[in-house]
Amino acid sequence: MATHLDALVVGAGFGGIYQLKKLRDQGLSVKALDIAGDVGGTWYWNRYPGAMSDTESFLYRYSWDPEDLRSYPWPRHYVKGPEVLAYLQHVVKKYNLRKDINLNTALVSASWDDSQRVWVVETSTNETIHARYLISALGLLSKQNFPKYKNLEKFQGELYHTGAWPEGVTLQGKRVGVIGNGSTGIQVITSAAKVAKKLLCFQRSPQYSVPSGDMDTTQAYRDDINTRYDDIWKQAKNSAFAFGFEESTIPTMSVSSEERHRIFEEAWQKGNGFRFMFGTFCDISYNEEANEEAARFIREKIRNTVRDPEKARKLTPTDFYARRPLCDTGYYQQFNREHVDIVDLKANPIREFTAEGIKTADGTVHELDVVICATGFDAVDGNYTRVVIKGREGRTLKEHWSDGPTSYLGVAVPYFPNLFTILGPNGPFTNIPPTIETQVEFISDMIEDAERRDRARAHVNGLPDGNGLQNGTGNEKVNGHTGSNGSIPYKSGIGSIIEASADAERQWTEVCDDLSRESLFRKTDSWIFGANIPGKKNTTMFYFGGLGNYRKELHSLVRDGYRGFRIE
Ligand code: FAD
Ligand code: NA7
């Protein structure tokens with residue numbers, strides 16, 4: 001027997017939790033499911049030592065609960081992984097959401113039934129769910145990238161991926177190898193260096209990283225943030241990256257070299273990767289000369305920090321400073337410890353694993369007790385490739401995305417009516433919670449609009465009011481759940497359709513393509529354009545126009561009666 005819902009949310013991270021709350025508050029019968037054993041998404045899975053957000057604490061949270069915002073504690077300028085997890089668990093508890101979340105349950109497939117206007121969802125627990133709206137909050141960084149090394153299975157030690165870190169692991173006194181030095185790698189390396197007996201970093205590309213500026217918060221600091229919180233969110237949501245600072249409008253070469261150095265040094269002392277890249281000057285991410293100035297400043301810092309010239313040489317990047325900007329809590333400093341070293345994989349690649357450790361091309365077997373893959377994620381569409389989603393006329397999302405993942409606004413895909421993708425392809429590249437809020441609120445408003453039209457239609461036709469109900473009174477309980485306003489539950493019948501047009505998707509894809517054309521990010525291999533996964537098409541996966549402009553676009557298309565959507 002199938003379960004009938006108005007809406008099903010898949011994923012219980014920042015996105016899924018808010019979406020569940022929002023639609024429940026609108027009175028829909030809604031449930032969420034997550035393959036994980038608890039809520040938290042990213043912060044459930046990434047429990048590796050050193051995990052922390054690189055968005056400052058005051059903006060790595062929801063903005064919509066003013067009381068919680070001002071009272072919930074965050075003792076340092078950056079939230080650590082377990083603190084983010086505890087925060088999300090707290091929100092779920094506070095709003096009594098857990099009863100509507102099925103954990104340890106994966107969405108396996110979803111097919112659109114055009115005659116009934118429902119998504120028919122099959123789960124890993126053999127449940128069938130009929131939902132009028134399907135909202136995927138699968139996360140853009142949650143399908144792990146686990147490189148396929150020869151003889152990996154022969155390794156007798158412990159092997160972990162940072163994105164699926166089990167509880168209870170200790171690195172104390174062990175010989176540890178870390179493959180990868182992106183945002184995650186530098187965090188785990190900085191933490192492991194302090195406890196491991198030996199730490200060997202298998203590095204393919206050196207990275208530019210700046211200090212995070214993490215420190216304890218003072219009461220005065222917190223009071224100041226609390227007083228200004230409304231303005232802080234307003235500024236963040238209207239800025240490009242939503243990291244809580246004003247992005248610079250000054251071209252790098254428009255000031256003297258002394259002034260340039262002073263501005264870089266000030267940002268270095270203050271901390272935060274996004275602030276360094278986008279708060280100092282306006283053109284570092286697309287002007288090669290500007291980029292080289294910033295890169296040179298960081299290279300100099302690396303050379304001045306790392307005492308061993310050979311280690312410093314290996315750690316110093318020479319390519320563009322054009323990946324997601326990193327910040328750290330003393331990454332380069334760890335290489336001044338005797339027991340911490342680097343293997344340069346470009347010069348000396350990994351050949352295979354052995355029972356004892358990792359064998360490199362020069363024939364050395366690096367003996368290790370633990371190998372940590374900090375090798376990142378199949379980002380943005382990675383999670384969608386693990387499930388089968390079939391839209392109108394049996395078209396699968398995989399087919400629709402055969403030339404690279406696309407969507408309208410990052411939230412909707414033509415041929416897939418009533419499917420909404422939180423952080424879908426070509427959404428804004430920002431501090432993520434404010435983008436999630438923007439998308440959840442847009443999706444929820446659009447659903448509310450469609451439901452209102454449906455109720456009006458039902459009223460005109462003399463049918464009972466309530467979410468497209470054509471059968472029943474509108475007051476039945478579905479699986480024991482009634483909407484929080486006491487009305488609602490979906491029973492059966494033909495409901496609304498919300499579908500992005502193919503034209504709107506094409507135009508949005510062009511906008512995103514154009515915006516990234518000049519970016520040096522596009523010329524640098526990383527997950528942002530899909531270049532980190534062997535065989536994955538290198539393509540535009542983000543909107544680089546900034547959150548403020550994205551929100552303006554949403555407002556304008558809503559004013560135009562949801563331009564680009566068919567609402568029926
Ligand atoms: P997620 O938190 O990824 O949640 C998605 C959920 O979907 C997961 O729980 C997963 O189990 C579930 N799921 C996936 N497929 C299925 C399926 N088929 N069936 C059922 N459930 C499924 N962003 C920032 O803005 N600032 C930061 O500082 C920052 N730091 C980060 C650090 C790390 C180590 C990582 C990995 C990411 C970081 N991010 C950061 C990005 C982070 O992913 C987002 O900020 C945010 O947590 C995303 O929330 P989400 O709900 O969209 O997705
Ligand atoms: P990233 O940024 O994709 O970094 C992955 C790292 O792993 C990076 O150093 C890669 O080197 C390295 N890597 C990947 N595959 C291999 C193989 N096969 N061999 C050796 N090294 C490899 O992922 P993160 O988890 O650090 O961060 C992702 C985002 O999550 C981050 O931006 C934050 O938003 C949070 P490469 O640079 O490709 O040469």
Side-chain angles (χ1 to χ4, degrees), residues 9-19 32-48 50-56 59-60 78-79 81 84 88 102-110 121 123-124 136-149 161-165 178-188 201-207 241-243 273-274 317 319 323-327 345-346 349-350 373-379 382-384 386-387 389 422-423 430-436 439-440 524-528 531-534:
V9 178
V10 188
F14 260 104
I17 291 170
Y18 185 34
Q19 186 66 79
L33 47 92
D34 198 306
I35 194 169
D38 201 349
V39 301
T42 290
W43 305 98
Y44 169 86
W45 292 106
N46 289 265
R47 300 188 198 199
Y48 59 85
M52 68 182 239
S53 117
D54 61 11
T55 304
E56 287 177 72
L59 281 172
Y60 199 64
Y78 290 83
V79 255
V84 189
L88 290 172
N102 292 352
L103 297 167
N104 300 304
T105 308
L107 174 140
V108 175
S109 68
V121 172
T123 73
S124 57
S136 64
L138 304 184
L140 85 168
L141 290 160
S142 79
K143 185 188 176 198
Q144 302 114 31
N145 170 38
F146 219 123
K148 292 180 180 61
Y149 289 113
H161 191 288
T162 47
W165 193 268
V178 178
I179 306 175
N181 54 305
S183 173
T184 300
I186 64 167
Q187 289 182 354
V188 81
C201 305
F202 294 85
Q203 171 193 282
R204 195 161 64 179
S205 315
Q207 286 268 16
F241 298 103
F243 267 79
F274 273 77
D319 54 356
R323 295 186 164 111
R324 190 180 187 280
L326 306 186
C327 60
L345 293 183
K346 283 211 172 120
I350 293 174
C373 289
T375 43
F377 302 90
D378 182 353
N383 262 331
Y384 290 86
R386 296 197 286 198
V387 297
I389 301 186
I422 298 170
L423 303 183
T430 64
N431 168 37
I432 288 178
T435 286
I436 284 178
Q439 294 188 332
V440 166
T524 311
D525 285 351
S526 83
W527 60 267
I528 295 170
N532 63 329
I533 302 297

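Computed from heavy atoms alone, side chains included, the values below leave out hydrogens, waters and symmetry copies. Predicted model, so just to flag it, every value in this text is computed and none were measured. Counting convention: from 1, in listed order, for ligands and their atoms alike.
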Please state which part of L141 comes within less than 4.0 Å of ligand 2, counting heavy atoms only: side chain, backbone, both or neither. side chain
Using a 4.0 Å heavy-atom threshold (strictly under), name the region of V387 that reaches ligand 1: side chain, backbone, both or neither. side chain
Could you give me the CA-CA distance, side-chain angles and deciding distance for F14 and Y60, then say whether ring pair (Phe, Tyr, Trp, His ring centres under 6.0 Å) is met? CA-CA 10 Å; F14 260 104; Y60 199 64; 5.1 Å; yes
Please confirm whether Q207 approaches ligand 2 to less than 4.0 Å, judged on its heavy atoms. no
I need the nearest protein heavy-atom contact for atom 41 (C) of ligand 1: residue, atom name and distance, please. I432 CD1, 3.7 Å
Quick one: look at A379 and ligand 2, take heavy-atom pairs under 4.0 Å, and tell me if it's side chain, backbone, both or neither. neither
With a heavy-atom distance limit of 4.0 Å, tell me whether F146 approaches ligand 2 through its side chain, its backbone, both, or neither. neither
Could I get the full list of side-chain contact (heavy atoms from CB on, under 4.5 Å) partners for T42, not counting sequence neighbours? N46
Can you confirm, on distance only, whether ligand 1 has an N/O atom lying under 3.5 Å from any N/O atom belonging to D34? yes
At a non-hydrogen distance cut-off of under 4.0 Å, which region of S205 contacts ligand 2 (side chain, backbone, both, or neither)? both
For atom 31 (C) of ligand 2, what is the closest protein heavy atom, and at what distance to 0.1 Å? S183 CB, 3.6 Å
S136 and Y384 side chains, donor-acceptor separation under 3.5 Å: yes
Considering the heavy atoms of N181, write down every atom of ligand 2 situated less than 4.0 Å from one of them. 6 (C), 8 (C), 9 (O)
In terms of residue, atom name and distance, what is the protein heavy atom nearest to atom 18 (N) of ligand 1? L107 O, 3.2 Å
Distance check, rounded to the nearest 0.5 Å: Y78 atom OH versus T55 atom OG1? 8.5 Å
Side chain, backbone, both or neither: which part of T162 has a heavy atom under 4.0 Å from ligand 2? neither
Considering only NZ, NE, NH1 and NH2 on the basic side and carboxylate oxygens on the acidic side, decide whether D525 and R323 come within less than 4.0 Å. no
One residue to check: L345. Relative to ligand 2, which of side chain, backbone, both or neither has a non-hydrogen atom less than 4.0 Å away? side chain
Identify the closest protein heavy atom to atom 46 (C) of ligand 1: which residue and atom is it, and at what distance? Y60 OH, 3.7 Å
Atom indices of ligand 2, in the order listed, that fall short of 4.0 Å to a heavy atom of T184: 24 (P), 25 (O), 26 (O), 27 (O)
